[in-house]
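Computed from a predicted model, the values in this text were never measured in an experiment.
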Amino acid sequence: MEYDHILIRYGEMALKGKNIKKFTVKLQENVQQKLKAFPKVKVKRTQGRMFIILNGEEPTPIIEKCKDIFGIQSLSLAIKVKNEPEAVKEAALFALQNSEDVKKFKVTVKRIDKNFPIRSQDLNQVLGGHLLSNTEGYTVDVHNPDLEIKVEIRLEATYITSSVVKGPGGLPVGTSGKSLLLLSGGIDSPVAGYLAMKRGVQLEAIHFHSPPFTSDRAKQKVMDLAKQLTAFGGSINIHVVPFTKLQQEVFKEIPDGYAMTIMRRMMMRISEKVCEQESILSMTTGENLGQVASQTMESMNTINEVTNYPVIRPLVTMDKSDIITISQQIGTYDTSILPYEDCCTIFVPKAPKTKPKRDKANYYESTKDFSSLIEEAVSGIEKVKITAETTIEPTFEDLF
Amino acid sequence: MIYLDNSATTKPDPGVLKSFEQISSHYFANPSSIHPFGGEAEKLLNMAKKQAAELLKVRQEEVVFTSGGTEGNNMAIKGIALQHQQRGKHVITTEIEHPSVFEACKSLETLGFDVTYLPVDQSGVVSVKDIQKAIREDTILISVMHVNNELGSIQPIKEIADLAATYPKIFFHVDDVQGLGKVPLSLSHPGINLCTISGHKINGLKGTGILYVDNRTTLFPLFHGGEQERNLRSGTENVAGSVSIVKALRLIKDKETSMLDHLYEVQAFLLHRLKDISEVDINTAEKAAPHIVNFSVPGIKPEVIIHMLAEKEIFISTKSACSSKQSDESKILAACGFSRARTISALRVSLSFETTKEEIQHFIDNLKKAINQFKKVME
């Protein structure tokens, strides 16, 4: 006997009314995409639930992959047997013996197939007795069990599930439209992207690259971060903006205290243009209230003036330590802390204004026409598609 | 030439050699250098790591590139012992391990560790029950090979891992140098903490290897320095070697899926033909790995047969290459309880996926000739 199914439970999605199909279909697609490396596996939707049919594949690595798919509340290994009391007993025993760290268990029976000869309440007793008499060291505890063995006798077959592995919750990526993530290479922006994805957002990313001041490695680092984010949902297009000229001009023309603020306003302007071109309806940033000079309330107010697109700021009220914890959990931390200079760190004004004002920013910007430089930056954008599969870059393919 | 000593080492795959040569010539920069040339090398190294992780179905950060099997085994065993000695100083292993495990354990004894060397049965397999019995309060490490290099016997790694998983304080190390690509093993098993792999046994290059170190396991490094490989193994990374072993790994995994039946078939053919020779006693038990056959010709020194076959350009071996410098008795066969007549006359034929039945037939014909020729002289 072996586990032949994995049962997927939806979280919040289950609360959706008529729209639920849109969510489950997307989730099914995302699961299939994620399990591409296991060709034998099938993903099925039936009423109200989803199954992964293993067809002989090892369950552990599959559960490991599914743990990251948004929209999944929890997963359980399941055994499918015929609607026969002996088969059900055997499977329940298998489920108990193959679980770890269990002392107290309980059995819950749900009988949908009323032709099954034993009634739910009676079957609870029968199974509990069978398990206790064939094992040692276990007790039944209906209030506080370590393991709940669920037996569901449906018309077509009986499903036995046991240990529950928690999923990430949230909504399936792709059910909430697209957002453009401003991805710098630091700790915060990948976490912001992750949290946006958790709400069903499909990401594109924008990165400002200032060669020769920033290196190809800084750019690679951003690609690597995007790659790590693909683990949570599909491919990500990165728009790499050639930012050198515009950035140099800003730092040359604008007084020291406002250069950083205006550079950020330029970034928002360029981002908005990318959103327009790509039919993206919002931007996502890793901004966090009060973290650095550019993230004071005044700063946000002044920077936000240049766009009326919604700016999603998942981290805005979080503590730095909590952001770091998430970044470690999702695996971006080690990449984020690689010490390459990025466009925000190469020109650092001696005394940036922590309370910049809109009217002053507008005044300084009016002293010089930046529009052609903005246009130039936008037209020079390099678009790179990062997919979960691209481990080996095409140029190196022969070597592997 | 008929090369039947693939457990000693294998012929490097041309593609593997090409990768090594190209990277050595074109991407020779130090991956830790911050200029873009170093960046390219670093990129290659990272890709190698990702690819290795995908092929082994583990996480990228759990892959450590080494110089091969001996280093991997030493790094795992001494690394665990030195790092976790406050918890206890007891190590469990078997009597049939490769010298790089056995001698590493011996060296720990000189440092005050206590090592239990468990016996094996006649077919060369350790019992899980014996391991269970040997576990003590102060046990910190169990080290068991997957496939024995002389006999081809397969150890019950999954069962040992199941057992080890119930002792959270004990680390479990598997030496999979001989098993990789021939006998499937799932490293994602929660009971397995460390696993040694060697490049040159899978048509890769000498001087390349991987140690799998799961992310719950900490080791005391053997090499200190520039903190490369997550600070587990300092020293400028061997980018070309790392890419080359990953390529070898991919190729062997392909063959494992497509050609394993063929290998078992050739082995069955070899066993069948050997059984026809009355002077031959087969030492390899049934249910062994598909690429190793060990047999004895009692009364004839194995070295004599090796040299007589070598005249015909057929290459087989006595015991493992790494043990052949020591005494003439096979310690492994002795551990299985074979008579001395058999333990001092053992020969090993080890196959590759490319070995053909024609080659085996040719080997058998010449083996018979050699035995007859020797007997004539002695009469």
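Sparse packing is recorded around NZ of A:K65, with 12 or fewer heavy atoms of other residues, nucleotides or ligands lying under 6.0 Å away. More than 12 heavy atoms of other residues, nucleotides or ligands sit less than 6.0 Å from atom CD of B:E61. B:K206 NZ: more than 12 foreign heavy atoms inside a 6.0 Å radius. With a 6.0 Å radius and a threshold of 12 heavy atoms from other residues, nucleotides or ligands, A:K104 has its NZ atom above the threshold.
Of all non-hydrogen atoms in B:K247 and A:D398, the two that sit nearest each other are NZ-O, 3.0 Å.
Of all the listed residues (B:K43, B:Q60, B:R59, B:K57), the one sharing the greatest number of non-hydrogen pairs under 4.5 Å with chain A is B:K43.
Applying a 4.5 Å heavy-atom cutoff, the residues of residues 182-195 of chain B that approach chain A are B:S186, B:S188.
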Practice item. Go through A:F400 and B:L44 one step at a time and tell me if the side-chain contact (heavy atoms from CB on, under 4.5 Å) criterion holds. Key: CA-CA 10 Å; A:F400 290 85; B:L44 276 166; 3.9 Å; yes
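Neither the backbone nor the side chain of A:D334 comes within less than 4.5 Å of any heavy atom in chain B.
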Which pairs would a plain distance check flag for residues 28-42 of chain B, meaning a side-chain donor or acceptor within less than 3.5 Å of a matching protein atom at least two apart in sequence or in another chain?
unit_1, atom_1, unit_2, atom_2, d
B:N30, OD1, B:S32, N, 2.9
B:S33, OG, B:N30, O, 3.4
B:H35, ND1, B:G38, N, 3.0
B:E42, OE1, A:R217, NE, 3.0
B:E42, OE1, A:R217, NH2, 3.3
B:E42, OE1, A:Y340, OH, 3.4

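At a threshold of 4.5 Å between non-hydrogen side-chain atoms, the residues A:L399 and B:Y27 count as touching.
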